[in-house]
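Structure first, then comments.
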Amino acid sequence: MTLYDQLPALVVAVLLFTAPIAYMLRMHGFPWAAATAAVVTSFIVACSLAATAIGGETIIYEMGGWPAPYGIVLHIDALSALMAMLITGASSAALIFGAKSLADEVGEETAPAFFAAWLLCTAGLVGMVITGDAFNIFVFMEISSLSTYVLISAGPDRRALISTYRYIVMGTVGATFYLIGVGFLYMVTGTLNTADLGARVGQVEDIRLVLVAAGFVSVGLAVKAAVFPLHSWMPNAYTFAPNAVTVFIAAASTKVSLYVLIRVDYAIFQNSIANHEVQLTLFLVPLGVMALFAGSLLAIYEKNLKRLLAYSSVSQIGYIALGIAMTSVAGLTGAIVHMFNHGLIKGGMFMAVACLALRYRTVNVANLAGAGKAMPWTMAAFVMGGLGLIGVPLTPGFISKWYLVLAALEKGWLGALLVAVILISSLLAVIYVWKVIEVAYFREPRANAVPVTEEAPMVMLIPTWIVVLTGIWFALDTSVSVGLASIAAKTLLGVAL
Amino acid sequence: MAVLGLYNYFVFAVLLMIGLYCLLARTNIIKSIIGLSMFQSAVFLLYISMDKVDGGTAPIIQEGVENQIFANPLPQVLILTAIVVGISTTALALAVAVRIREAYGTIEEDKIQEMDRKQ
Amino acid sequence: MIFSESDTIYYALTIPLLGALGIALAGRWPNIRETVTLTTAVAVAIVVWSLIPTLQAGGRPELHFGEMLPGLEIAFKVEPLGMLFGALASGLWIVNSVYSIGYMRGNNEKNQTRFYICFAIAISAAIGVAFSANLLTLFIFYEVLTISTYPLVAHKGDEATVRSARVYMGILLGTSIGLFLPAMIWTYSVAGTLSFTPGGILEGKIAEPLVGILLLLFAFGIGKAALMPIHRWLPAAMVAPTPVSALLHAVAVVKAGVFTITKVFVYIFGIDFLFNQPSHRIIVWVACFTIVVSSFIALRQTNLKRLLAYSTIGQLSYVVLAASILKPLSEVGASMHMMAHAFGKITLFFAAGAIYVASKKTEITDMLGIGRRMPWTMAAFSIGALSMIGVPPTGGFISKWYILGGAIQDDNYLALATLVASTLLNAAYFLPFIFAAFLYKEDVKPVNEHGEAPWPMVAALTFTALLTFAFFIFHQPIADLEAQILVK
Amino acid sequence: MMTIVFSLFLLTMLVIVAVAILRTENLFTAVMLSGIFSLIMAANFFVLDAADVALTEAVIGAGISTVLFLGALALTAEYDRSPPVGTWVPLLTSSALGGVIIFATFQAPRLGDPSAIVHQHVAPWYLEKTPELIDVPNVVTAVLASFRGYDTLGEVFVVFTACIGVMALLGRVRPRRDSIKEGEFKKATDNLRHHLIPRVVGKMLVPFIVLFGLYVQFHGDFGPGGGFQAGALVAAGVILYSLVEGGVRGRELVPEWFSSVLVALGAFTYTSVGVASMLMGGRFLDYSVLAHDPVHGQHLGILVIEAGVGMTVAGVMITIFHAFSRRGIR
Amino acid sequence: MHLLLDILSAMLLLSGAFFVFVGGFGVMRMPEFYTRMHAASLTDTGGAALILFGLMLQGGFTLIPLKLAAIFLFLFLTSPTASYALANAALLSGVKPACRNETGKAFPGEQPAKPKPKRKSASKAVKARKSAPVKPPAGKPAKRPAKKPTKKTARKKS
């Protein structure tokens, strides 16, 4: 068993191994260093996994040496490799970026607990992405949610606590719904391995249980992924969490639930329930469309910059839901690639917001006037991100919009409507991005506002611009992101590579 | 007579209903947390009522005993994990409730919402 | 020249960006900044113009930049239409920079560095649009052009400019993402490729009624061509300083719009395929409607720059009309009119700018007798106006001649009628102002006793006026170059 | 037939208690009822032949969670709650949910019928292979520790996160409280005079509870038991001691730093067993490579990770209890 | 021999069950707190002990009777403590036993059992508690450290 074969287990093991260490050794600055080291190693491992997965082959790693349906098996294909890369990348970027801004938001006393929770959140998300066992997804979902609650409650403002509480209630209800769904699936098939479930669920004759299981799983995951009507926990959670935490959870955490939705819908329910596409479309398209419009409209009238970006995340998740609902290769590729690209765009934008918050001590759009002159580099990064949201070429947003519209066009007249919806909502994105740009560049700072003169510190600016430049790189050379996404879409839909 | 066999699942459904109702209808945070833990423990009932086999006993294989029917061990393992998940979530929720009480002075969600709106 | 064709395209694109960088670095020393702008402008012009001989010999230089999406790459290929637009943009950039140095200094505007940087980026984007080999690369540079011109339009930064810049941005971004992008993706999903091929890629791949819809999507999607319902951004952009309006109207932005429409007609639909599709008539109707209505609105305008804006909308629809007649003569006429209108309109804008700098007047009604004070400017202005109307010694005549020839070939009487009517309307809104400027006595005292505008502005003015004459005389080589489009 | 009678009785009791919890307005009663709820649930599990789960539910559900609730209640000191908010929407949603489930379960296999799919596919393999591969009488512990060891690893880290969360939230105690002055100490302990009998009986019981916990820990392979239950039992013992003797004395018995180290050490042991099996050439958490003979390796592996789990759970429960109780001294 | 054991354990089990039944019935019938608690403690001690002994006889000479004996010992210790603790808390928190003098007669007639307070709805209860000044009951330390959350101390009587 060379090291190379052990990689799938290593990507999670490294994080889980360092978490207790980061908690125990409490010297000054050690928890942060241990956390960053572990997350960066995990990122490197994830990239090498992606390298193998881009060849189109799926890695099966039997945990504890037990064969598939009996033991737990890690199942890494192109989709999981791409998501693992996104999660660990976003986590390391946020950690490196957050060194300074976390230092003053999270006191010295709670630092060990905080960074151990950070490691566990990353481990939970990556664990969910690579595992091939339905119940194991639930366990790692719990790890990531519990640690996310801890991370959010570390926010300085007292409203962070009440938003954490609401997130705990909705998150646990969502996870329990997922558990009920898995329970019903287990009841009709007798196994928990996703591949095995997919094979056996086809021969089930009493279809009622499978339908209800599909309903529960989808609703549960929709709550965790903040799909529109069930998103009420997300804006407050993003707004009152510490800035570096918002960068990480905005880029990665909601996408993982959408990943699980894709995995469950396409690997298990697709080949069992007869016209599952129709159900999926009926379930996701209305939700997606509502998310698109409601998210953008709420963002337009929002005063707080972080909540504005959170609402824009709600509408971007609507795009992904639409992509999933189209059940075609192009649609699924668009959804997967948008998960990756949106992670990049939002990560960069929230980093810029964190730089602004560090200097201006507030994230209210009104008193960020004149930020364009005071902090040119930060605002430039924010504008690049904003253009990405709109879907202007040379930004990652363009690529995902390209695939979504391409997929919609294949659907005939309903598709034409979808195209109109997608484009109108990206025009709404123009409005709320331009609202911020006008305030920042063309309005003089208010007299009583605290005069901000110097740029954000170099240690925060460089990671921000690294993320923005990677975004532009993935806009120009899409061989990695679109390559992995199309292989994933083809394997999920059973189309030849 | 057949319906009696499904009684477990009906109780599971009723407990879910009560748990969810308690969660949604009550504004007190501690009461909602109790509702949440009830909601979770209902699911345990669903899994464990799957593992019963007529005439079976707990899956402990003694040497001497031959052709003994055993209950299904898998749901039990899953529920062992789920119970501990339940208690961890409750513990965390209670800790947050205590902090909310100290920060806001009350644990009624509607009063907290008013305070937030005024702020 | 010393380096191969594909390198030339590469340098043509990167020199303006290097120039922009140079300007950014030299921000604090105005003189050095100005010299950097001029040298870059000249360098780009030389590089771009060096491609003309290869084009005339029939060569098509190419540059492949790399695969952005599977099956689609960022690639450049210079063909006659692109060559014309590229040469026009780089050439007029020199004149415009000379003019804007005078204007900026004369008007002592603030944050000029930002102005020159965005200007350089806009030119690089224009050249990118000119040389792109497929619709995707063109779309990328089209968007970069929109975004880089936004700071120029919102230059003053006060409430009014920001609001009209918002209109400018809203319409351009809205139409490009709302209509142009779906049209492009629809073409890609139907044709499988987006590269410009002579004879078009949609031959037989799209059914009858859909062609019309796709055509409309393209026509209104390319907001920069300012067809009637989507023209509001042009008058709104009048708040910008005059060199920017000159850039917008004569050098880059509108030219890019009309250029893209012509390229889409010729290289995506293909002239013959589109000709025998009955639904292509819609575009002719839209173009004629725009020409007539914009000329009527121009009649009532009192602000000089708004008048020129509406006349530009009309002239642009000339090019669209010429392209949509789908006859060889009218295609050549379309490209010729792009050139003629560029020279004419830039002169008019320079004159308007000079009058503003010298006398701070913007309304025509109080510009009576200004000819006496500013003879050179008003002379150039009248030459430009004549070129707009299409009087023989100026370039305008040549292009209208070709368009009329095309219309007669296709005996498209609607086009003929609009051309004649609009020529009369042009005369109606230009000539009275010219007579008033020269013959009437001055009734509104200017704020200060002023003579001519600063010398760099007057030099640029007269140079472009002479260009309209030169175009009239040496139009033949350009006509031959453009004729290459039609040979299959 | 007998099980159906028992479960009918117990389940109806369960529903009655649940409704009582819902309707009572005094939080203290609600907490007590939720303790009874867990106890009945544990009895129900036992009737359904899930001995391990019954033990866990009893200890954690009835024991630890009630104590945590009371601790939180003492801190929030809220005895009553405000009148219920509009009851139509919640009623509608929950009854819809219940209706869907009842609609679906009509096709579910009857309670205890051996022909259900659940008993055909994966379960017989476990029952058949455990004596041969792992040779441990209690199949549940075998599946928990070895066949699905990765799940339990996740589980340990869920508990670890809960501990971290509570420490992050309640860890920061305002300094002036911690330095217990002499007077304060006396006041904190003297009030036990009124409760002499429970104090004496409690102190007498603590050693037996801890002993029983250790028995469950090491007896986990043979009878119902294992890491989780053992950890919880030991923690219950320590909590009883600090309840009876007062928080200060309790923290002297098991100091703060010790329980945190215990937590981290347990999780660390578990992961290092997994990494060790990787270093020894097997897969992650593959115990058969740990010793010369695979079955011995499995025994060793299960023993160590059960110890790890026990340590973590005990440490977590004690830390959380101390966090709550230390927070109380105003 | 075997039959004798069976009869004996059956008798024990029956009597144990009878005790439990009487206890349960007593809890229903008794009018106020202390008497009701007395009936409940009856089931704890008597009933449980008898049933356990009955089962022990069934067990024969294996390990089971030993385990049952351990359970009995545990119950024998804890249930009286529980009843004591319950009574102590009730007394401390001011629940007055209904009958003051020794003669049985006084019980029903002379001082009727305090009418069970009509269940005021929660909001009035909350208002009542807020308005009534919270005075520490005499003889008890004013501020009881809240950390000992056993059954008796947590109940605060307004």
Side-chain angles (χ1 to χ4, degrees), chain A residues 1 6 8-10 13 16-17 19-21 23-24 61-66 69-72 107 109-110 112-114 116-117 120 123-124 127 131 133 135-136 139-140 142-143 146-147 149-150 153-154 161 180 184 186-192 196 200 204 206 208-209 211-213 215-216, chain D residues 100-101 103-109 116-123 125-126 129 133 143 146-155 157-158 160-165 167-169 171-172 260-261 263-268 270-272 274-275 277-278 281-289 301:
Chain A
M1 288 292 286
Q6 305 280 24
L10 264 181
L16 292 180
F17 193 79
I21 300 171
Y23 182 61
M24 271 198 286
Y61 181 93
E62 286 143 357
M63 264 304 172
W66 307 112
Y70 309 110
I72 294 171
E109 231 173 88
T110 49
F114 182 84
L120 286 167
T131 179
D133 184 281
F135 188 78
N136 201 268
V139 172
F140 278 99
E142 277 307 313
I143 294 180
L146 278 176
S147 31
Y149 307 148
V150 172
S153 64
L161 294 169
I180 297 169
F184 279 130
Y186 175 68
M187 192 188 284
V188 272
T189 56
T191 165
L192 286 169
D196 202 13
R200 289 176 62 86
V204 171
D206 46 16
R208 219 187 292 177
L209 272 173
L211 280 175
V212 168
F216 268 105
Chain D
V100 162
I101 295 174
F103 160 75
T105 45
F106 274 105
Q107 281 185 343
I117 305 156
V118 166
H119 306 307
Q120 315 307 327
H121 184 43
V122 171
W125 188 83
Y126 286 135
K129 280 283 189 292
L133 289 175
V143 174
S146 172
F147 289 125
R148 293 184 69 89
Y150 190 50
D151 255 0
T152 322
L153 173 70
E155 197 33 58
F157 276 97
V158 167
F160 183 68
T161 328
C163 173
I164 285 177
M167 287 312 289
L169 283 162
R172 274 198 310 275
S260 320
V261 161
V263 167
L265 208 62
F268 187 71
Y270 202 116
T271 355
S272 46
V275 170
S277 61
M278 264 163 68
R283 300 266 177 168
F284 188 69
L285 289 177
D286 180 359
Y287 310 133
S288 40
V289 289

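Below, all heavy atoms of this structure are taken into account, side chains as well, without hydrogens, waters or symmetry copies.
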**Asked** Where does A/Val139 contact chain D at under 4.5 Å (heavy atoms): side chain, backbone, both or neither?
**Response** both
**Message:** Working note: A/Phe184 + D/Ile101, criterion side chain to side chain contact (heavy atoms under 4.5 Å, CB included); need CA distance, chi angles, decisive distance, verdict.
**Reply:** CA-CA 10 Å; A/Phe184 279 130; D/Ile101 295 174; 4.1 Å; yes
**Item:** Between OG1 on residue A/Thr191 and CD1 on residue D/Ile117, distance to nearest 0.5 Å
**Value:** 12.0 Å
**Request:** State, to 0.1 Å, how close A/Ala116 and D/Ile164 come at their nearest heavy-atom pair, and which atoms those are.
**Result:** CB-CD1, 3.4 Å
**Request:** Under 4.5 Å heavy-atom distance to chain A, tell me which part of D/Gln120 shows up: side chain, backbone, both or neither.
**Result:** neither
**Asked** Going from CD on A/Glu62 to CG on D/Asp286, what distance comes out if it is rounded to the nearest 0.5 angstrom?
**Response** 10.0 Å
**Request:** Begin with the C-alpha distance, continue with both residues' side-chain angles, and end with the deciding distance and a verdict on side chain to side chain contact (heavy atoms under 4.5 Å, CB included) for D/Tyr150 and A/Phe140.
**Result:** CA-CA 10 Å; D/Tyr150 190 50; A/Phe140 278 99; 3.4 Å; yes
**Asked** When only pairs under 4.5 Å are counted, which of A/Ala154, A/Ala19, A/Gly127 shares the most heavy-atom pairs with chain D?
**Response** A/Ala19
**Request:** Under 4.5 Å heavy-atom distance to chain A, tell me which part of D/Val275 shows up: side chain, backbone, both or neither.
**Result:** side chain
**With sequence neighbours excluded, residues passing salt bridge (charged side-chain N to carboxylate O under 4.0 Å, His left out) with A/Asp133** = D/Arg148
**Prompt:** Is the A/Tyr70 ring parallel, tilted or perpendicular to the D/His121 ring (thresholds 30°, 60°)?
**Reply:** tilted
**Request:** With a 4.5 angstrom heavy-atom cut-off, could you sort out which part of A/Ile143 is near chain D: side chain, backbone, both or neither?
**Result:** both
**Asked** Who among D/Val143, D/Thr161, D/Asp151 has the most heavy-atom pairs with chain A under 4.5 Å?
**Response** D/Asp151
**Item:** Under 4.5 Å from any heavy atom of chain D - which part of A/Leu192
**Value:** side chain
**Prompt:** What part of D/Tyr287 is in contact with chain A, defined as an atom under 4.5 angstrom from a non-hydrogen atom: side chain, backbone, both or neither?
**Reply:** neither
**Request:** May I ask you to name which of A/Ile72, A/Leu209, A/Val212 has the most heavy-atom pairs under 4.5 Å with chain D?
**Result:** A/Ile72
**Request:** May I ask you to name which of A/Gly64, A/Ala117, A/Gly190 has the most heavy-atom pairs under 4.5 Å with chain D?
**Result:** A/Gly64
**Asked** Can any side-chain N or O of D/Arg283 pair as donor or acceptor with the backbone N or O of A/Tyr61 at less than 3.5 Å?
**Response** no
**Smallest separation among heavy atoms of A/Arg208 and D/Phe103, with atom names** = NH1-O, 2.8 Å
**Message:** Below 30° counts as parallel, above 60° as perpendicular, anything between as tilted: where do the rings of A/Phe17 and D/Phe268 land?
**Reply:** tilted
**Message:** Is the shortest side-chain heavy-atom distance between D/Leu169 and A/Leu161 below 4.5 Å?
**Reply:** yes
**Prompt:** In terms of heavy-atom proximity below 4.5 Å to chain A, should D/Ser146 be classed as side chain, backbone, both, or neither?
**Reply:** both
**Asked** Which residue out of D/Phe147, D/Phe106, D/Tyr126 racks up the most heavy-atom pairs below 4.5 Å with chain A?
**Response** D/Phe147
**Item:** Minimum side-chain heavy-atom gap D/Met278-A/Leu10 below 4.5 Å
**Value:** yes
**Message:** Among D/Gly154, D/Gly301, D/Ala116, which residue has the highest count of heavy-atom pairs closer than 4.5 Å to chain A?
**Reply:** D/Gly154
**Request:** Pick whichever of D/Val289, D/Val263, D/Thr271 has the most heavy-atom pairs under 4.5 Å with chain A.
**Result:** D/Thr271
**Message:** I'd like to know if the side chain of A/Gln6 reaches the main chain of D/Gly281, judged simply by a donor and an acceptor atom lying under 3.5 Å from each other, with no hydrogens or angles considered.
**Reply:** no
**Message:** Using heavy-atom distances under 4.5 Å, tell me whether A/Phe216 contacts chain D through its side chain, its backbone, both, or neither.
**Reply:** side chain
**Request:** Would you please name every residue forming a side-chain contact (heavy atoms from CB on, under 4.5 Å) with D/Ala264, sequence neighbours left out?
**Result:** A/Pro20, A/Tyr23, A/Met24, D/Phe160
